[in-house]
Engineer: 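Got a structure for you, written out below as structure tokens; questions coming shortly.
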Amino acid sequence: MPVDVWYTDTNVWTVLLAGLSLILSQLPPVVTWWRPGRLVIELDERFTISHFLGHPNCQAYLSIRNTGARSVRVTKLRLDVTRPSGALITMPAVGYFQYVNSESHLALFPFSVSAGSEWAHLTNCAERVTESDEHRLNSFISSLQTHFRNIEEGARATNPQADFPPLTPPEIWDQAKNEFDKCFSWERGEYHVQVAAQSRDKEWRSNKYRFTVYETAVTQLKGHVSAYISGDGLLPRRTLPGAQCTLKSL
């Protein structure tokens, strides 16, 4: 008498294949299991240019989407701005606003964008300066903060209810003016900008955009110098408004 075994029963194979088909239908295509992360970077049309003691900086709303299947660790983020003359300004991202209504920005550290997610924030970028320039600027800010703190403490001791606008000493104002004259570089004309995000083994770039700086914007930014006498535009919490520009895709 023949002995029945399970693997000779066609009904068993029918059930197994049906179950396997059901499981596979609930999974993403197998090819995506090995697909790497892929970043898509975009810029909102709102774009603000400004400067600190003449050194150019800007503020842009960045969107970084991961359309791949694996998480991507972004280690560096920067804007490459091309002047009308063709010269390049490299502006690393230095901070971002957690929320649209945040009053102060957070320092930017390496971050991860998981598959299918998005990192989108208003981001501050500033021209890359040499180590010696950075040390010099930090020393200048420190001395200015100390000066204003002494003025404010003395004013409160004399009359706590009074509001005394602190004045920048002539020698510090001259130093600020000289730095501005040496470093200010925004000029009228059309600029191009592109975002670059660096991961461990790859650099991702956005499409290129363009924006126009008009003479009124240049005049506005140059006018910041007159506010230095009261410390505006020099201290972190006393920033001056930048010039608004509109980005357009190339």
Side-chain angles (χ1 to χ4, degrees), residues 43 46-62 77-96 104-105 108 122-145 147-148 165-196 208-248:
L43 280 168
R46 295 165 295 177
F47 193 74
T48 304
I49 63 171
S50 191
H51 65 92
F52 176 69
L53 290 173
H55 296 272
N57 57 50
C58 64
Q59 191 175 79
Y61 192 86
L62 303 183
L77 189 62
R78 74 174 191 273
L79 262 64
D80 291 334
V81 180
T82 305
R83 303 180 190 275
S85 63
L88 181 68
I89 315 173
T90 300
M91 295 190 184
V94 295
Y96 70 98
S104 59
H105 72 253
L108 184 66
L122 186 63
T123 307
N124 290 333
C125 301
E127 180 190 38
R128 178 178 289 143
V129 297
T130 64
E131 186 175 347
S132 60
D133 284 344
E134 184 176 8
H135 176 73
R136 179 169 49 80
L137 290 173
N138 288 338
S139 297
F140 173 80
I141 295 172
S142 178
S143 64
L144 194 63
Q145 288 176 326
H147 169 76
F148 284 161
L167 298 179
T168 305
E171 64 275 12
I172 295 182
W173 189 89
D174 288 340
Q175 184 181 350
K177 178 66 165 55
N178 291 337
E179 185 75 15
F180 172 85
D181 291 339
K182 181 177 69 174
C183 300
F184 185 80
S185 57
W186 290 117
E187 58 183 324
R188 183 179 61 183
E190 182 176 285
Y191 292 72
H192 294 172
V193 61
Q194 188 176 35
V195 186
K208 289 185 177 182
Y209 298 81
R210 62 181 175 87
F211 66 95
T212 301
V213 175
Y214 295 98
E215 189 63 39
T216 52
V218 176
T219 301
Q220 175 190 343
L221 297 179
K222 286 183 175 180
H224 287 182
V225 177
S226 61
Y228 289 170
I229 191 65
S230 61
D232 293 335
L234 297 178
L235 297 174
R237 295 187 179 277
R238 302 182 66 173
T239 58
L240 294 169
Q244 302 297 317
C245 301
T246 301
L247 292 178
K248 297 180 180 180

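Just so it is clear, the model here is predicted, and its values are computed rather than measured.
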Engineer: Only one of Ile89, Thr82, Leu247, Asp80 clears side chain to side chain contact (heavy atoms under 4.5 Å, CB included) with Val193; which?
Structural biologist: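 The option that passes is Leu247.
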Engineer: State whether the side chain of Ser142 and the backbone N or O of Asn138 hold a donor-acceptor pair below 3.5 Å, judged by distance alone.
Structural biologist: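 Judged by distance alone, no pair lies under 3.5 Å.
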Engineer: List the residues meeting side chain to side chain donor-acceptor pair (under 3.5 Å) with Asp232, not counting sequence neighbours, and say none if there are none.
Structural biologist: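 Result, side chain to side chain donor-acceptor pair (under 3.5 Å) vs Asp232: Ser230, Arg238.
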Engineer: Taking the side chain as everything from C-beta on, heavy atoms only, tell me whether Tyr228 gets closer than 4.5 Å to Asp174.
Structural biologist: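 Side-chain contact under 4.5 Å: no.
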Engineer: Can you tell me how far CD of Gln59 sits from SG of Cys245, rounded to the nearest 0.5 angstrom?
Structural biologist: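 One gets 12.0 Å once the value is rounded to the nearest 0.5 Å.
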Engineer: Identify the two heavy atoms, one from Tyr61 and one from Leu122, that lie closest to each other, and give their separation to 0.1 Å.
Structural biologist: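 Scanning both residues, the minimum pair turns out to be CD1-N, 3.6 Å.
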Engineer: Ignoring hydrogens and angles, tell me if any N or O in the side chain of Arg78 forms a donor-acceptor pair with the backbone of Arg128 under 3.5 Å.
Structural biologist: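 Answer holds: no.
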Engineer: Between atom OG1 of Thr246 and atom CZ of Phe211, what is the distance when rounded to the nearest 0.5 Å?
Structural biologist: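 Thr246 atom OG1 to Phe211 atom CZ measures 11.0 Å (nearest 0.5 Å).
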Engineer: Are any non-hydrogen side-chain atoms of His224 and Ser50 less than 4.5 angstrom apart?
Structural biologist: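 Answer yes - side chains close enough.
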Engineer: Is any side-chain heavy atom of Phe184 closer than 4.5 Å to a side-chain heavy atom of His51?
Structural biologist: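 The answer is yes, as the side chains (C-beta and beyond) meet within the 4.5 Å cut-off.
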Engineer: On a heavy-atom basis, which atom in Ala227 and which in Leu240 lie closest, and how many Å separate them?
Structural biologist: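 Closest approach of Ala227 to Leu240, heavy atoms only: CB-CD1, 3.9 Å.
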Engineer: Count the heavy atoms of every other residue, nucleotide or ligand shown that sit under 6.0 Å from CD of Glu171, and state whether that count exceeds 12.
Structural biologist: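 For Glu171, atom CD is crowded (more than 12 foreign heavy atoms under 6.0 Å).
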Engineer: What heavy-atom pair brings Ala217 and Ala243 nearest, and what distance separates the two atoms?
Structural biologist: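 Result for this residue pair: CB-CB, 3.6 Å.
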Engineer: Give a yes or no on whether the backbone of Gly242 and the side-chain of Gln220 come within a donor-acceptor separation of less than 3.5 Å.
Structural biologist: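 Yes, the answer is positive, given that a donor and an acceptor are paired below the 3.5 Å cut-off.
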Engineer: In Å, rounded to the nearest 0.5 Å, how long is the span from OH of Tyr96 to CG of Leu62?
Structural biologist: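 Reported to 0.5 Å precision, the distance equals 12.5 Å.
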Engineer: How close do Ala93 and Cys125 get, heavy atom to heavy atom, and via which atoms?
Structural biologist: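 Between these two residues, the closest heavy atoms are CA-SG, 3.8 Å.
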Engineer: Quick check: do Phe52 and Thr239 have side-chain heavy atoms less than 4.5 Å from each other?
Structural biologist: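 Not in contact.
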Engineer: So Glu179 and Leu137, side chain to side chain contact (heavy atoms under 4.5 Å, CB included) or not? Walk me through it.
Structural biologist: CA-CA 9 Å; Glu179 185 75 15; Leu137 290 173; 3.9 Å; yes
Engineer: When rounded to the nearest 0.5 angstrom, what is the spacing between NZ in Lys222 and CH2 in Trp186?
Structural biologist: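 So the gap between those two atoms works out to 14.0 Å.
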Engineer: What distance do Phe140 atom CZ and Ile172 atom CD1 have between them, rounded to the nearest 0.5 Å?
Structural biologist: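 Separation between the atoms: 6.0 Å.
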Engineer: Using every non-hydrogen atom in the two residues, find where Gly95 and His105 come nearest and quote the distance to one decimal.
Structural biologist: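 Of all heavy-atom pairs spanning Gly95 and His105, the closest is CA-CD2, 3.7 Å.
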Engineer: Can you tell me how far apart CD1 (Ile49) and CE (Met91) are? Round to the nearest 0.5 Å.
Structural biologist: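 Reported to 0.5 Å precision, the distance equals 8.5 Å.
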Engineer: Answer yes or no: is there a side-chain heavy-atom contact under 4.5 Å between Leu79 and Phe47?
Structural biologist: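 In short, these two side chains touch, coming nearer than 4.5 Å.
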Engineer: Strictly distance-based, threshold 3.5 Å: is any side-chain N or O of Tyr209 a donor or acceptor partner for the main-chain N or O of Leu43?
Structural biologist: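 Checked: pair present.
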Engineer: So Arg188 and Val213, side chain to side chain contact (heavy atoms under 4.5 Å, CB included) or not? Walk me through it.
Structural biologist: CA-CA 5 Å; Arg188 183 179 61 183; Val213 175; 5.6 Å; no
Engineer: Assess the residue pair His192 and Lys208 against the criterion (side chain to side chain contact (heavy atoms under 4.5 Å, CB included)); give the C-alpha distance rounded to whole Å, side-chain angles, the decisive distance to 0.1 Å, and a yes or no.
Structural biologist: CA-CA 7 Å; His192 294 172; Lys208 289 185 177 182; 5.5 Å; no
